[in-house]
There are 2 protein chains.
Amino acid sequence: MTTNKARPRGRPRGFDPDQAVATAQRLFHARGYDAVSVADLTEALGINPPSFYAAFGSKAGLYARAVGRYANAGAIPLPELLCPNRPVAESLAAVLEAAARIYAANPDAAGCLVLEGTRCNDPAARETARASNDAAADTIRRFIAARHPEEAERLTDYMNTTMAGLSAKARDGYSLDRLLATARLASQAIAQALPASASR
Amino acid sequence: MTTNKARPRGRPRGFDPDQAVATAQRLFHARGYDAVSVADLTEALGINPPSFYAAFGSKAGLYARAVGRYANAGAIPLPELLCPNRPVAESLAAVLEAAARIYAANPDAAGCLVLEGTRCNDPAARETARASNDAAADTIRRFIAARHPEEAERLTDYMNTTMAGLSAKARDGYSLDRLLATARLASQAIAQALPASASR
DNA sequence: GGCATTTTGTATCAATGACTACAAATAAAG
DNA sequence: CTTTATTTGTAGTCATTGATACAAAATGCC
């Protein structure tokens with residue numbers, strides 16, 4: 001596992017890039033992309049700018065790594081929530097509830113790293129976040145379309161919009177209880193649009 | 001109307017502050033607070049920095065003026081939508097529909113100036129936006145509480161969250177149709193929570 | 001005309017942003 | 001030991017940020 005390859009050649013790295021990505025993920029999530037400077041990052045990582053740029057290319061490059069890591073550590077686990085055996089409305093409700101819980105779980109990193117990233121002022125980072133968000137939206141859309149094709153677009157938009165709102169309000173300091181109440185209320189609209197009878 | 005007061009004393013202004021606020025409002029709404037620099041503003045206004053700071057104190061000061069103007073020109077007209085003669089659920093649905101329409105009305109200034117402002121990186125501007133948003137939330141909360149006190153908190157949170165989502169997605173380029181569909185779906189949850197029978 | 005008052009234009013300021021040039025350091029390969 | 005390859009630390013670069021110092025210009029008041 002830890003024996004990957006023989007040492008490359010030159011001087012060995014003085015830091016662990018994967019751990020650096022994890023640290024960067026925390027920082028970006030806590031303060032937002034724009035509010036984290038390269039100086040903040042190099043200080044938090046205990047390295048100097050040249051090491052930073054040699055390893056990650058740019059601030060946006062590191063952000064892309066952090067977003068990639070986020071999918072496996074911190075984001076909503078869509079694959080396990082969107083279960084083909086469960087009614088669609090129930091699955092979507094589970095996603096919204098998970099969003100509320102995850103966005104409020106850590107007050108120092110509230111909301112969704114990706115959704116908040118789509119609002120930043122760096123074009124490269126914004127595109128990274130947008131691509132990740134689009135991928136998640138596609139997953140939801142395909143899940144709905146499999147059983148309710150005529151409702152897929154509308155409900156996907158509704159899910160995306162609701163999650164964006166939940167992320168924003170989580171960053172405004174809304175408590176878990178308030179976010180959960182909103183998520184559940186939002187789920188009722190979905191249940192109404194997808195009568196249980198049409199579960200398959 | 002235009003004859004306000006006798007000329008003050010010294011050298012007359014070379015620009016109209018009210019028109020400058022209107023221009024600034026457009027710029028802030030189009031690009032967001034952080035992405036508009038003082039240099040952008042002074043250029044758009046055709047003035048130099050000293051005139052800018054003499055008139056508005058700071059970038060955040062001008063933003064406060066722009067937000068104040070927004071309430072009367074661009075924002076959702078809550079006072080006329082929250083009509084005490086109409087059922088609460090119907091009024092709230094009208095607010096969400098207005099949000100969708102207004103947020104998508106101008107593609108060059110999508111979303112809500114205030115809601116997006118609450119996400120900026122300048123503490124002073126953020127506090128200005130937050131105060132304005134809180135005032136709007138209070139208006140909604142009192143309107144609901146007048147007839148459905150036990151639902152006021154939950155529905156106000158739901159409204160705020162939904163509008164934040166609509167604003168974010170409007171900035172993502174969602175069309176009016178998509179935003180309207182989401183707003184209407186969201187309204188169904190409200191209608192369900194406030195049975196028509198309890199209209200008074 | 002002369003004085004007080006206010007705004008304007010020129011020319012900055014200090015701080016911070018992302019990013020790099022360059023040589024010393026550290027390793028494997030020959 | 002020499003060569004080659006890679007990373008490191010020092011010390012910057014250059015553009016941009018929000019905000020100002022200062023004197024000239026333009027008005028009302030006396």
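What's counted below: heavy atoms across the whole structure, side chains too, no hydrogens, waters or symmetry copies. By convention in this document, chain letters (A, B, ...) are assigned in the order of the sequence lines, proteins followed by strands, and residues within each chain are numbered from 1. Predicted, not measured: the structure shown is a model, and the values here were computed from it.
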Salt-bridge present ([X], [Y]; N to O < 4.0 Å):
X	Y	value
Asp172(B)	Arg119(A)	yes
Arg154(B)	Asp177(A)	no
Asp40(A)	Arg31(A)	yes

Taking any atom under 4.0 angstrom from a heavy atom of chain B, which nucleotides of DNA chain C are the first and last to qualify, 5' to 3'?
dA4(C) to dT10(C)
Take a 6.0 Å sphere around CD of Glu43(B) and say whether it holds more than 12 heavy atoms from other residues, nucleotides or ligands.
no
Just wondering, are more than 12 heavy atoms of other shown residues or ligands nearer than 6.0 Å to CD in Gln19(B)?
no
Just checking, is any N or O donor in the side chain of Glu97(B) or Ser187(B) under 3.5 Å from an acceptor N or O on the other one?
no
On a plain distance test, is the side chain of Arg9(A) in donor-acceptor contact with the base of dT4(D) below 3.5 Å?
yes
Those residues of residues 33-64 of chain B lying under 4.0 Å from DNA chain D by at least one heavy atom
Val36(B), Ser37(B), Val38(B), Pro49(B), Pro50(B), Tyr53(B), Ser58(B), Lys59(B)
Would you call the rings of Tyr33(B) and Tyr63(B) parallel, tilted or perpendicular if under 30° counts as parallel and over 60° as perpendicular?
perpendicular
Rounded to whole angstroms, how far apart are CG on Asn121(A) and P on dT17(D)?
11 Å
For Arg13(B), which contact category applies under a 4.0 Å heavy-atom criterion: base, sugar-phosphate, or nothing?
sugar-phosphate
Taking side chain as C-beta onward, heavy atoms only, is Asn160(B) less than 4.5 Å from Arg178(A)?
no
